[in-house]
Amino acid sequence: MAQKPSKSGFKVIAFYTAKNDQAHISYVHEANQWFPEIAAKYHFSYDSTSNWNNMNAEFLSTYQVVIFLDTRPESQAQRMAFESYMKNGGAWLGFHFSAFALAKSSYPDNWNWYHNEFLGSGSYGSNTWRPTSAVLRVEDSKHPVTKQLPKTFRASPNEWYRWQNDLRKNSDIDILLAIDSSSFPLGTGPKAYEIWHSGYYPVVWSNKKYKMVYVNMGHNDIDYEHKTNQDLSHTFDNDIQNKMIINSILWLADPKTKKSN
């Protein structure tokens with residue numbers, strides 16, 4: 001899926017798994033169609049791989065930006081390679097499930113550096129259901145990721161996550177977008193705890209120690225009820241949200257973008 005880069009272009013590699021959850025599979029397929037179009041428009045190359053063994057120093061050395069579309073590396077060697085890549089000036093854009101960690105799940109809370117230092121969010125806390133659009137509020141209007149975004153805008157339908165850690169208390173974290181209070185109640189249930197009525201929920205942030213952006217979006221609405229598994233929404237059917245993602249890629253790839261320490 002590579003796009004031939006221009007002489008001034010940069011290279012992006014997206015890792016994905018795309019198994020088990022149709023909502024995530026749908027989103028990954030959509031992303032792997034959307035990103036090549038954006039790459040052609042903005043003169044960079046986009047490759048994607050489901051082989052997580054490519055998470056090694058030699059392979060990563062040819063790419064300026066790494067994307068996690070859905071999951072995360074699981075082997076110790078893969079994790080060490082990614083940590084080294086980031087600590088040596090690499091750039092990362094992560095979506096939705098890439099930050100998920102929960103004890104006694106298929107993605108356990110067993111990578112302290114990634115979830116607590118790098119992302120800062122800790123383990124998964126809870127989510128809204130069903131996938132619902134939310135009004136998002138720009139929290140840092142001076143950051144390049146939020147450039148030319150309106151103060152608030154309506155995002156694509158998504159399953160929104162709550163996290164263990166309060167990112168507002170972490171001085172390394174720069175919260176860029178959060179759910180606006182006008183979104184409440186957020187979610188439709190059917191379970192009462194899947195509907196949020198109040199609270200503070202960051203959905204896009206960066207860690208000042210690294211060249212990184214995490215984006216909570218990346219879960220399409222699927223017709224599970226009628227067992228058709230048809231898409232009911234698409235993550236990239238949103239020009240303003242897409243602008244934020246493009247801003248993120250271009251900022252991360254810019255050689256002048258430096259971590260703050």
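Basis for what follows: all heavy atoms, side chains included, without hydrogens, waters or symmetry-related copies.
By the rule that hydrophobic residues join a cluster once side-chain heavy atoms approach within less than 4.5 Å of another member, Tyr193 and Ile179 end up as members of separate clusters. Put simply, Phe15 and Met80 are part of two different groups of oily side chains (I, L, V, M, F, W, Y) that touch within less than 4.5 Å, one to the next. Criterion: ILVMFWY side-chain heavy atoms under 4.5 Å apart, direct or through other members. Under it, Phe10 and Ile246 are part of a common hydrophobic cluster. Linking ILVMFWY residues whenever their side-chain heavy atoms come closer than 4.5 Å, directly or via other members, leaves Leu186 and Val135 in distinct clusters. No path of Ile, Leu, Val, Met, Phe, Trp and Tyr side chains, each step under 4.5 Å between heavy atoms, connects Leu69 with Ile25, placing them in separate hydrophobic clusters.
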Original post:
How far apart are the C-alpha atoms of Trp113 and Met86, what are their side-chain angles, what is the distance that settles it, and do they pass the side chain to side chain contact (heavy atoms under 4.5 Å, CB included) test?
Top reply: CA-CA 11 Å; Trp113 171 81; Met86 293 308 304; 4.3 Å; yes
**OP:** Using the side chain to side chain donor-acceptor pair (under 3.5 Å) rule, take Asn165 and Asn116 through it: C-alpha gap first, then chi angles, then the decisive distance, then the call.
**Re:** CA-CA 8 Å; Asn165 298 338; Asn116 288 300; 3.3 Å; yes
**OP:** Quick one: do Asn110 and Tyr107 satisfy side chain to side chain donor-acceptor pair (under 3.5 Å)? Show the steps, please.
**Re:** CA-CA 8 Å; Asn110 62 358; Tyr107 298 90; over 6 Å; no
**OP:** Verify side chain to side chain contact (heavy atoms under 4.5 Å, CB included) between Ser183 and Trp160, making sure each step is shown before the conclusion.
**Re:** CA-CA 12 Å; Ser183 298; Trp160 304 99; over 6 Å; no
Subject >> Audit row: His143, Trp251, ring pair (Phe, Tyr, Trp, His ring centres under 6.0 Å) steps and yes/no >> reply: CA-CA 10 Å; His143 198 283; Trp251 176 67; 4.5 Å; yes
Subject >> side chain to side chain donor-acceptor pair (under 3.5 Å) evaluation trace for Arg162 with Ser126 >> reply: CA-CA 5 Å; Arg162 177 181 67 84; Ser126 65; 2.8 Å; yes
**OP:** Check step by step if side chain to side chain donor-acceptor pair (under 3.5 Å) holds for Tyr200 and Asp166.
**Re:** CA-CA 9 Å; Tyr200 185 81; Asp166 186 347; over 6 Å; no
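Here the straight-line distance linking atom CD of Gln22 with atom OG1 of Thr228 works out to 9.5 Å at 0.5 Å rounding. Between the CD1 atom in Ile173 and the NZ atom in Lys208 there is a gap of 8.5 Å [rounded to 0.5 Å]. One distance of note links OG of Ser98 with CG of Asp70; it measures 8.0 Å at 0.5 Å rounding. Interatomic distance, CD1 of Ile245 versus NZ of Lys243, reported as 12.5 Å (0.5 Å rounding). Between Gln76 atom CD and Trp111 atom CH2 the span is 9.0 Å, to the nearest 0.5 Å. The distance from the CE atom of Met55 to the OG atom of Ser75 is 9.5 Å, given to the nearest 0.5 Å.
Within the 4.5 Å cutoff, no side-chain heavy atoms of Asn216 are placed close to those of Val204. Between Trp52 and Asn54, the closest side-chain pair of non-hydrogen atoms is not below 4.5 Å. A 4.5 Å side-chain heavy-atom check between His219 and Tyr27 finds every atom pair outside the cut-off. For the pair Leu136 and Thr152, the minimum side-chain heavy-atom distance is 4.5 Å or more. Looking at Tyr161 and Tyr201, their side chains never come closer than 4.5 Å, going by heavy atoms from C-beta outward. Side chains of Phe44 and Ile249 form a contact here, defined as non-hydrogen atoms less than 4.5 Å apart. Using a 4.5 Å heavy-atom threshold, the side chains of Gln241 and Ser156 count as touching. Here the side chains of Arg168 and Ile175 are in contact, with some heavy-atom distance below 4.5 Å.
Judged by distance alone, the side chain of Glu117 and the main-chain N or O of Asn112 form no donor-acceptor pair under 3.5 Å. With hydrogens and angles disregarded, a donor-acceptor distance shorter than 3.5 Å links the side chain of Ser133 to the backbone of Ala155. In this structure, Trp205 contributes its side chain and Ser121 its backbone to no donor-acceptor pair below 3.5 Å. Between the side chain of Asn56 and the main chain of Phe59, a donor-acceptor pair closer than 3.5 Å is present. Lys211 contributes no side-chain N or O that, together with a main-chain N or O of Val65, makes up a donor-acceptor pair within less than 3.5 Å. In this structure, the side chain of Asp254 does not engage the main chain of Leu250 through any donor-acceptor pair within 3.5 Å. In this structure a side-chain-to-backbone donor-acceptor pair under 3.5 Å is missing from Asn158 to His96. A donor-acceptor pair under 3.5 Å is absent between the side-chain atoms of Ser248 and the main chain of Val145, judged by distance alone. For the pair Gln64 (side chain) and Lys11 (backbone), a donor-acceptor distance under 3.5 Å is present. Between the side chain of Glu139 and the main chain of Leu176, no donor-acceptor pair closer than 3.5 Å is present.
In the model, Thr49 has no side-chain atom that pairs as donor or acceptor with a side-chain atom of Asn51 under 3.5 Å.
For Ser50, there are no side chain to side chain donor-acceptor pair (under 3.5 Å) partners two or more places apart in sequence or in a different chain.
For Asp239, the CG atom is loosely surrounded, since the number of other residues' heavy atoms within 6.0 Å does not exceed 12. Counted within 6.0 Å of NZ on Lys151, heavy atoms from surrounding residues, nucleotides or ligands total more than 12; the atom is thus considered enclosed.
Using a 4.0 Å cut-off between a side-chain N of Lys or Arg and a carboxylate O of Asp or Glu, Lys87 and Glu83 qualify as a salt bridge. Checked for salt-bridge contact, Asp172 and Lys209 meet the test: a charged N lies under 4.0 Å from a carboxylate O.
Residues Glu159 and Thr128 come closest through the heavy atom pair CG-O, 3.6 Å. The shortest non-hydrogen separation linking Pro185 to Ile195 is CB-CG2, 3.8 Å. Nearest heavy atoms, Glu194 versus Pro190: OE1-N, 3.7 Å. In plain terms, the two heavy atoms of Tyr214 and Ala99 that are nearest each other are CE1-CB, 3.5 Å. Heavy atoms only, all atoms of each residue included: Tyr63 and Asp47 are closest at OH-OD2, 2.6 Å. Taking every heavy atom of both residues into account, Thr235 and Gly218 meet most closely at OG1-CA, 4.0 Å.
In summary, the aromatic rings of Trp92 and Tyr210 are positioned with their centroids too far apart to meet the 6.0 Å limit.
The only option from Phe82, Phe97, Tyr16 that meets the side-chain contact (heavy atoms from CB on, under 4.5 Å) definition with Phe68 turns out to be Phe82.
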